[in-house]
Chemist: 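Structure provided below as structure tokens; questions to follow.
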Amino acid sequence: MSAEETQTATLEKEEETQGTEKKEEALPIVRYRKVSKSFGENQVLKEVDFDLMPGERVAIIGPSGSGKTTLARLLMTLEKPTSGTIEVDGRQLWHKEVKGKLVEANEKHLHEVRGDIGMVFQHFNLFPHMTILRNLTEAPVKVLGLSKEEARERAMGMLEKVGLTDKAKAYPANLSGGQQQRVAIARALVMRPKVMLFDEPTSALDPETVGEVLDVIKEIAAEGEMAMMLITHEMSFARDVSDRVAFFDEGCIQEQGPPSKLFVQPESERLQSFLSRFNLGEENSQ
Amino acid sequence: MAWDWEFTINEVLPQLMEVVYITISATLVAYLVAMVWGLVLAFARRSQFRPLSVAAYWFVQFIRTTPPLVQLFFIFYVLPRYGIALTPFVAGVLGLGIHYSTFLSEVYRAGIESVPKGQWEAATALNFSPVQKWKTIILPQAIRPVIPVMGNYLIVMFKETPILSAITLVELLGKAQIIGSETFRYVEPITLVGIFFLIMSYGASLLFQRLEMRLDLSKK
Amino acid sequence: MVPIDVIAHIFDRLLPGAAVTVQLTVLSAILAFFLSFLGGFGRLSKFRIIRFVSAFLVEFFRGTSLLVQLFWLYFALPLLGLELPTGLVGILALGINYGAYGSEVVRSAILSIPQGQTEAGIALNMTPGQRMRLIILPQAFRTMLPSFGNLLIELLKGTALVSLITIPDMTFEAKSMRTNAEEYTLQIFGILLILYFIIGYPLSLLTRWAERRFSVGRS
Ligand SMILES: Nc1ncnc2c1ncn2[C@@H]1O[C@H](COP(=O)(O)OP(=O)(O)OP(=O)(O)O)[C@@H](O)[C@H]1O
Ligand SMILES: [Mg+2]
């Protein structure tokens with residue numbers, strides 16, 4: 001059912017965008033199939049089917065505790081699905097194909113596949129013992145095998161994009177929350193992932209710094225190169241930046257579609273009552 | 001030389017059992033000394049009278065950075081020369097007690113400092129006398145969070161008691177040495193002493209963990 | 001009053017012992033440091049059996065009391081057919097005993113690093129080894145330093161015990177000096193204590209500096 005909806009959503013999106021190159025890549029970059037996740041007795045995800053197309057920007061909204069973070073953490077391999085499969089760019093993430101059978105993936109396999117994914121955390125998780133520049137160059141050098149100069153160049157370019165070149169030598173503790181989160185975004189971007197996950201990137205921030213972070217994300221989204229999964233409670237942001245919005249509740253996607261439809265004519269009662277808690281008109285300013 | 005069970009059970013064990021009480025009572029008395037003297041040191045450190053607090057500071061620093069074994073020698077061999085002859089037991093519990101009092105004084109200090117400033121102010125606002133203030137407001141709150149650390153020091157001191165054998169106190173290890181030198185069999189007595197310390201200290205730490213959990217629960 | 005040359009003489013006689021004490025401290029500290037990490041990692045291993053064995057060994061060496069271990073190696077082990085040089089016995093007992101305490105320091109420091117750090121490492125596709133080396137250990141090490149400092153002072157004090165198995169450290173020299181000069185007992189032990197303090201106090205200042213430097217915020 002939701003696969004069908006994904007399909008229509010994608011079509012609609014493609015009609016909207018003039019770019020035609022996306023049509024040729026018809027295969028989803030991420031594909032959740034019947035993914036379930038339980039923590040003990042508590043079933044958090046219930047047979048979720050979910051696709052993400054290359055370059056597509058999907059906002060995930062939904063009440064607290066509905067399983068949005070868990071959905072993203074499964075893709076980032078921070079959490080293991082109880083059942084179901086996840087494909088990334090045509091490859092199984094949590095499984096390996098051995099003689100036609102799916103067996104559990106080992107660390108080596110995870111390492112190969114998860115290079116396509118990047119993540120920005122709610123609490124930044126910068127490395128406090130490294131300078132900002134080092135935060136950005138460490139993984140490119142050690143994981144991607146870039147030379148120090150290449151990594152530095154890439155990092156400085158990215159710092160420029162997030163407007164923090166002057167902080168290259170500072171330590172995370174000396175930055176404001178908003179600045180730290182911009183660094184965290186840059187740190188994920190230097191790895192050049194095909195898919196970026198944002199888990200409530202602004203909900204740990206002081207209200208006055210939320211805007212600067214959202215602006216950076218909007219800018220990246222406008223480039224349209226990466227697929228993005230944006231978990232957020234900022235409804236106007238979700239509306240402005242996404243090609244598709246998925247409403248998550250009680251462990252599954254209840255409703256999804258283009259923001260123009262979902263926010264204007266929500267079908268399910270659940271979504272209606274969820275949205276009624278946000279005053280979309282007034283949030284426009286952000 | 002193989003382990004001799006008959007020797008272990010018929011000779012070593014009964015002889016060691018005879019002196020278990022010395023190890024235990026030395027631990028407890030030394031701990032008492034440490035608790036009381038530690039409190040004195042903690043208050044001396046807080047004193048407004050600078051010479052007293054400075055003296056307490058250096059006393060604590062000096063005692064806690066020098067070996068308890070040497071401190072025991074000092075008490076046991078030096079004091080008699082000035083007319084204060086102490087039995088090995090008394091010298092031992094004094095030495096151990098004073099050594100660990102310097103640690104406990106720091107523990108008390110941490111506890112006292114953990115009492116929020118508002119509590120002091122409330123006590124003043126209610127016009128408690130200094131004694132009342134300490135007795136009813138500060139100490140009860142200061143002691144609770146440091147109980148686990150206090151328990152830990154009891155175990156640490158217990159494991160330190162074998163050094164009292166160096167000033168001729170016949171506690172467990174001293175007895176094991178005597179048995180060894182008489183029979184030329186050291187393996188059984190010393191092993192047994194080790195096992196005894198292992199069981200007692202590990203058992204005590206488990207017990208304290210459970211007590212701590214209880215305390216935590218009753219707090220909520 | 002005691003003539004100044006008596007004091008000088010005592011100092012002179014104690015100095016070779018002081019060298020032994022320092023040597024013993026350094027060598028067993030190196031062993032203890034190494035064992036701390038071995039034990040600490042062992043207790044965090046993903047293999048149950050390694051966790052169990054390390055936990056058992058750590059509890060064993062913490063629980064059986066240093067002097068008992070020293071005596072066991074010195075008196076009992078030769079009777080079981082293995083006679084080690086006395087100096088080695090001292091280093092082994094001290095190193096293993098304080099290594100067991102140190103492993104707790106390592107373990108809790110590693111556990112104190114927030115889970116988010118590991119997750120950020122995963123998100124950057126670092127291998128488990130890289131996460132440990134580049135992310136966790138550099139941070140954990142700062143937390144370990146003050147505790148290691150305190151343990152080093154404990155170890156220094158612990159070396160005095162080797163005098164009881166005839167290793168000629170400071171304490172041993174003081175005791176043997178005293179048997180021929182009982183009238184100077186006060187001076188001998190007094191100077192001995194001061195010597196320990198001279199070695200130990202800088203360590204304790206360094207430890208407190210590390211505590212202040214690394215506990216409040218980082219920059
Ligand atoms: N590691 C875990 N262990 C046990 N339960 C967990 C764990 N992680 C998440 N949960 C539970 O799973 C459910 C969904 O959590 P999740 O964090 O995915 O929700 P969310 O939609 O992101 O909520 P929020 O908007 O508050 O971030 C919650 O009930 C949570 O308590
Ligand atoms: Mg969440």
Side-chain angles (χ1 to χ4, degrees), chain A residues 69 72-73 75-79 106-108 110-131 134-145 169-175 180 183-193 195-199 204, chain C residues 36-37 40-42 44-51 105-149 207 209-219:
Chain A
T69 295
R73 289 171 60 84
L75 184 55
M76 193 65 261
T77 68
L78 300 174
E79 218 81 67
N106 54 12
E107 175 60 35
K108 186 167 161 279
L110 288 176
H111 184 77
E112 281 167 20
V113 182
R114 101 181 129 212
D116 287 342
I117 321 282
M119 183 162 180
V120 172
F121 298 89
Q122 189 174 349
H123 295 284
F124 335 135
N125 297 347
L126 292 180
F127 305 131
H129 59 301
M130 299 178 185
T131 61
R134 187 82 191 278
N135 262 278
L136 267 63
T137 54
E138 192 75 355
V141 171
K142 298 283 163 50
V143 178
L144 301 181
K169 290 208 173 77
Y171 282 86
N174 301 327
L175 268 55
Q180 289 192 46
V183 172
I185 292 169
R187 182 178 69 177
L189 286 175
V190 290
M191 300 299 281
R192 302 204 175 142
V195 182
M196 269 280 270
L197 309 174
F198 293 86
D199 185 12
Chain C
S36 297
F37 279 89
F41 282 127
L44 295 170
S45 165
K46 60 177 172 179
F47 300 108
R48 208 193 162 93
I49 177 79
I50 296 182
R51 282 203 307 271
V105 172
V106 171
R107 187 179 82 104
S108 59
I110 288 176
L111 288 178
S112 77
I113 304 304
Q115 181 66 17
Q117 292 291 307
T118 300
E119 296 187 349
I122 295 175
L124 293 171
N125 208 6
M126 290 180 177
T127 63
Q130 288 174 326
R131 292 194 308 256
M132 187 48 85
R133 233 179 33 249
L134 307 171
I135 310 293
I136 308 295
L137 273 186
Q139 295 183 62
F141 199 67
R142 291 157 184 240
T143 343
M144 290 175 207
L145 277 182
S147 308
F148 274 151
T207 302
W209 173 82
E211 226 159 65
R212 276 197 310 274
R213 172 76 174 72
F214 295 126
S215 68
V216 258
R218 309 176 173 107
S219 56

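Computed from a predicted structure; not experimentally measured. First the proteins, then the strands, lettered A, B, ... as listed; each starts at 1.
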Chemist: Please list, chain by chain and in numerical order, all residues satisfying ring-ring contact (aromatic ring centres under 6.0 Å, His included) with C:F37, sequence neighbours excluded.
Modeler: C:F33

Chemist: Side chain, backbone, both or neither: which part of A:R73 has an atom under 4.5 Å from a heavy atom of chain C?
Modeler: side chain

Chemist: Closest approach of C:L124 and A:A139, non-hydrogen atoms and distance?
Modeler: CB-CB, 3.8 Å

Chemist: Quick one: does any side-chain atom of A:N125 pair with a main-chain N or O of C:Q117 as donor and acceptor, under 3.5 Å?
Modeler: no

Chemist: Do C:P114 and A:H123 touch side chain to side chain, with heavy atoms closer than 4.5 Å?
Modeler: no

Chemist: Taking all non-hydrogen atoms of both residues into account, name the closest pair between C:N125 and A:L110 and its distance.
Modeler: OD1-O, 4.5 Å

Chemist: By a 4.5 Å heavy-atom criterion (distance strictly below it), what part of A:L126 contacts chain C: side chain, backbone, both, or neither?
Modeler: backbone

Chemist: Test C:E119 against A:M76 for side chain to side chain contact (heavy atoms under 4.5 Å, CB included), laying out the working first.
Modeler: CA-CA 9 Å; C:E119 296 187 349; A:M76 193 65 261; over 6 Å; no

Chemist: On a heavy-atom basis, which atom in A:V143 and which in C:Q130 lie closest, and how many Å separate them?
Modeler: CG2-OE1, 3.7 Å

Chemist: Among all residues two or more places apart in sequence or in another chain, which pass the side chain to side chain contact (heavy atoms under 4.5 Å, CB included) test with A:E138?
Modeler: A:M130, A:R134, A:K142, C:M126, C:L134

Chemist: Answer with side chain, backbone, both or neither: which region of A:F121 has an atom nearer than 4.5 Å to a non-hydrogen atom of chain C?
Modeler: side chain

Chemist: So what's closer than 4.5 Å to chain A heavy atoms on C:R131: side chain, backbone, both or neither?
Modeler: side chain

Chemist: If you count the non-hydrogen atoms of other residues, nucleotides and ligands that lie under 6.0 Å from CZ in A:R192, is the total more than 12?
Modeler: no

